[in-house]
Number of protein chains: 2
Amino acid sequence: MLSKKTKYGLKALAYIARREDDTPSQVGEIAKSERIPQKFLESILLTLRKAGILGSKKGKHGGYYLRKAPSEILMTEVMRVLEGPIAMVPCVSLNFYEKCDDCPDENLCSVHKLMIQVRDSTLNVFRNTTLEDLSGKVTGSDFIK
Amino acid sequence: MLSKKTKYGLKALAYIARREDDTPSQVGEIAKSERIPQKFLESILLTLRKAGILGSKKGKHGGYYLRKAPSEILMTEVMRVLEGPIAMVPCVSLNFYEKCDDCPDENLCSVHKLMIQVRDSTLNVFRNTTLEDLSGKVTGSDFIK
DNA sequence: ATTATTCCTATCGATTTAATAGGAATTACA
DNA sequence: TGTAATTCCTATTAAATCGATAGGAATAAT
């Protein structure tokens, strides 16, 4: 299950990506528009900033902005920051690998192969989706396709 | 993340599917072989029996057995019983649908489309994997492929 | 100075997870 | 007929996680 944290984070990022002008988006504004508890959103955006996805400006007229173009921000990156491992079990995780305490041998584990398949098919989606796709903004290149 | 319950359940099912003779598999035996806490496994197998995937025989020489051939048991069925929804959010779940309390309109939600893609790619794996595949037993038909 | 904002730490209640406890019901078999 | 072995059932527990809130420090614009 996707945590609320991740869901809210994705919605907030999409909101920021849709912004036309170059002013930073404020927590209160995003919270209201996307129906997210403000204090909760605050902590989520802080996480995204610490991970380098968002930048921030403090004080009056402050807020959050993207550090890269939406088309350069892959879902793999965002999901790993917000949700953690993409794999369903740590023993098939690329970025958060952990050995199982049961399982003497991973290669003999019946669950292992299945979970690798699930991981790869999910990765395939996240690797081919950017924040631009998520934002729903139509750009020129969409028509070329 | 896959729960221990699901992981243990899958391993136990694979164990039962590998059994050659027609005697039922006992909880104690499975628990020992697969390194699963016995009492925990007991409750898991009970769940699988109530869901119709396993049958059971009580008393001495009792145990659990499959109700269908391993090749007839799809991962979709097993996963839904053990883990619940396959989708990452209830609003894209086929069998456990629930509306989001945020989100005035699902079709406008930026997260929705992405989660449908993830669901479909995961479903594709589970629909094409049976307990026979999980068990690792080689059968004649494997060579035909 | 005042106001508006991000930043930080701590806390809280509710839920879920993983596991255990204890015994009732049932069956095989001596 | 009694004993051992097993599934079945309900309840409980400890720990972890989740979703959210509280309160204020730091910073910046005006």
Side-chain angles (χ1 to χ4, degrees), chain A residues 1-12 16 23-32 34-67 82-85 88-90 96 98 100-102, chain B residues 1-12 16 22-32 34-67 81-85 88-90 96 98 100-102:
Chain A
M1 276 288 160
L2 203 70
S3 64
K4 294 265 183 183
K5 178 182 172 188
T6 301
K7 192 185 177 197
Y8 292 161
L10 289 172
K11 284 186 157 193
I16 297 171
T23 62
S25 304
Q26 297 184 340
V27 175
E29 168 199 350
I30 304 171
K32 197 174 173 191
E34 302 297 317
R35 301 179 172 201
I36 302 170
Q38 175 158 349
K39 272 291 191 179
F40 194 13
L41 181 57
E42 227 176 78
S43 69
I44 296 168
L45 297 185
L46 216 44
T47 303
L48 288 166
R49 198 218 60 194
K50 285 178 180 168
I53 294 173
L54 291 177
S56 68
K57 197 184 163 217
K58 286 192 205 171
K60 204 168 186 177
H61 299 174
Y64 291 93
Y65 53 89
L66 297 173
R67 297 282 295 270
L82 292 173
E83 190 74 4
M88 295 187 82
V89 277
F96 301 83
E98 267 178 62
C100 304
D101 27 337
D102 54 323
Chain B
M1 275 288 159
L2 204 70
S3 65
K4 293 266 183 182
K5 178 182 171 187
T6 302
K7 191 185 176 196
Y8 292 161
L10 289 173
K11 283 187 157 193
I16 297 171
D22 60 347
T23 62
S25 305
Q26 297 185 339
V27 175
E29 169 199 348
I30 304 170
K32 197 174 173 190
E34 302 297 317
R35 298 177 172 206
I36 302 169
Q38 176 156 349
K39 271 292 191 180
F40 194 13
L41 181 58
E42 225 176 80
S43 70
I44 295 167
L45 297 185
L46 217 43
T47 304
L48 289 166
R49 197 219 60 193
K50 285 177 180 167
I53 294 174
L54 290 177
S56 68
K57 196 183 164 215
K58 285 193 204 169
K60 203 167 184 177
H61 298 174
Y64 290 92
Y65 54 90
L66 298 172
R67 298 282 295 270
V81 168
L82 291 173
E83 191 74 5
M88 294 186 84
V89 277
F96 301 83
E98 267 177 63
C100 303
D101 27 337
D102 54 321

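A, B, ... follow the sequence lines: proteins, then strands. Residue 1 opens every chain.
Within 4.0 Å of A/Lys50, counting heavy atoms only, lie sugar-phosphate atoms of the nucleic acid but no base atom. Within the nucleic acid shown, A/Gly28 has no heavy atom closer than 4.0 Å to any nucleic acid atom.
Rounded to the nearest 0.5 Å, atoms CD1 (B/Ile36) and CG (A/Asp102) are 7.5 Å apart. A distance of 6.5 Å separates SG in A/Cys100 from NZ in B/Lys11, rounded to the nearest 0.5 Å. One distance of note links NZ of A/Lys5 with CG of A/Leu82; it measures 6.5 Å at 0.5 Å rounding. Note: B/Glu83 CD to B/Leu10 CG = 9.0 Å, rounded to the nearest 0.5 Å. Rounding to the nearest 0.5 Å places CD of B/Gln38 at 10.5 Å from NZ of B/Lys32.
Which of D/dC8, C/dA18, C/dT5 sits closest to the side chain of B/Ser3 comes down to C/dA18.
Within the structure, every side-chain polar atom (N or O) of B/Ser43 is placed at least 4.0 Å from both OP1 and OP2 of D/dC9. Dashed line: the shortest gap from a side-chain N or O of A/Tyr65 to OP1 or OP2 of C/dT6 is not under 4.0 Å. At C/dT17, none of the side-chain N or O atoms of B/Tyr8 fall inside 4.0 Å of OP1 or OP2 (strictly under the cut-off). The phosphate of C/dT6 has neither OP1 nor OP2 within less than 4.0 Å of any side-chain N or O from A/Arg49.
In this structure, B/Ile36 atom CD1 and C/dT20 atom C1' are separated by 16 Å, rounded to whole Å. Atoms CE (A/Met1) and P (D/dC18) sit 13 Å apart, rounded to a whole Å. Atom CZ of B/Phe40 is separated from atom P of D/dC8 by 17 Å (rounded to the nearest Å). Atom P of nucleotide C/dA18 and atom CG of A/Asp102 are separated by 12 Å, given to the nearest angstrom. Here C/dA14 presents its P atom at 17 Å from NZ of A/Lys4, a figure rounded to the nearest Å. The nearest whole Å value for the distance from the NZ atom in B/Lys7 to the P atom in C/dA19 is 10 Å. Spacing between atom CD1 of A/Ile44 and atom C1' of C/dC7 amounts to 15 Å, rounded to whole angstrom units. If you take CG of B/Leu46 and P of C/dA19, they are 17 Å apart, rounded to a whole angstrom.
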Using atom types as modelled, flag every donor-acceptor pair under 3.5 Å from a side chain in residues 44-60 of chain A to any protein atom, sequence neighbours excluded.
from	atom 1	to	atom 2	distance (Å)
A/Thr47	OG1	A/Ser43	O	3.0

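Of the two residues contacting DNA chain D, namely B/Tyr64 and A/Pro37, the nearest-nucleotide position lying further toward the 5' end is that of B/Tyr64.
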Response to the item:
The contact string for nucleotides 22-30 of chain C, one letter per nucleotide 5' to 3', using protein heavy atoms under 4.0 Å with B, S and - for base, sugar-phosphate only and none, comes out as BB--BBBS-
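The two residues B/His61 and B/Gln26 come nearest to each other via the heavy atoms CA-NE2, 3.7 Å.
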